[in-house]
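Structure first, commentary second.
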Amino acid sequence: LFAAEAIRKMGSEDGIFVLLEGREQTVNYVRTPLRFTLTLSDMSLIGKRRAAQRLAAGVLKEVSGEGASVEEIEKALDGQLAMMVKEASA
């Protein structure tokens, strides 16, 4: 309800349209006649994106800053991927 109240204050008082983006379960609490939903044609993209985020975050923790070599990055990627596969099979 906080978001709905904030949008009301920002938009209705000055005649400004406010664009709110978020999970459907969250934005459903905001009453508006101007609602649209974006959808993906391939829902597996969400999981693929999340997997890529986890790989990148793990590699960033392992390698040492901007001076990392391609070999160090590849080794870290292989290690993170192996860890993710192990988690998935457990």
Side-chain angles (χ1 to χ4, degrees):
L1 296 176
F2 169 79
E5 182 62 18
I7 290 168
R8 187 192 63 72
K9 286 183 179 180
M10 289 189 301
S12 65
E13 294 174 2
D14 296 325
I16 297 172
F17 284 97
V18 177
L19 178 64
L20 174 68
E21 180 273 333
R23 296 178 59 218
E24 186 174 8
Q25 297 89 333
T26 304
V27 298
N28 280 344
Y29 285 101
V30 178
R31 295 178 188 219
T32 178
L34 307 170
R35 181 180 305 276
F36 63 93
T37 304
L38 301 177
T39 58
L40 293 171
S41 59
D42 180 3
M43 292 303 288
S44 72
L45 292 175
I46 294 171
K48 291 174 183 176
R49 180 177 179 267
R50 182 65 187 127
Q53 288 174 326
R54 287 186 59 199
L55 280 172
V59 169
L60 284 173
K61 289 179 183 176
E62 282 188 40
V63 298
S64 55
E66 295 179 23
S69 68
V70 171
E71 291 80 18
E72 289 174 311
I73 295 169
E74 287 175 348
K75 183 179 176 184
L77 277 168
D78 288 342
Q80 289 298 315
L81 184 57
M83 191 179 339
M84 290 174 69
V85 168
K86 187 176 178 180
E87 288 174 6
S89 64

When M43 is tested against each of T39, L45, I46 for side-chain contact (heavy atoms from CB on, under 4.5 Å), which residue passes? I46
Run the side chain to side chain contact (heavy atoms under 4.5 Å, CB included) check on K75 and V63 step by step: do they pass? CA-CA 9 Å; K75 183 179 176 184; V63 298; over 6 Å; no
For the student: nearest non-hydrogen atoms of E21 and V27, plus distance: C-CG1, 4.3 Å
Please say whether more than 12 non-hydrogen atoms of neighbouring residues, nucleotides or ligands are located less than 6.0 Å from CD in E24. no
If I take atom CD from residue Q53 and atom CZ from residue R50, how far apart are they, to the nearest 0.5 angstrom? 5.5 Å
Nearest-0.5 Å distance that lies between atom CD in E87 and atom CE in M83: 7.0 Å
Answer yes if L60 and L77 sit in the same cluster of Ile, Leu, Val, Met, Phe, Trp and Tyr residues linked by side chain heavy atoms under 4.5 Å apart, and no otherwise. no
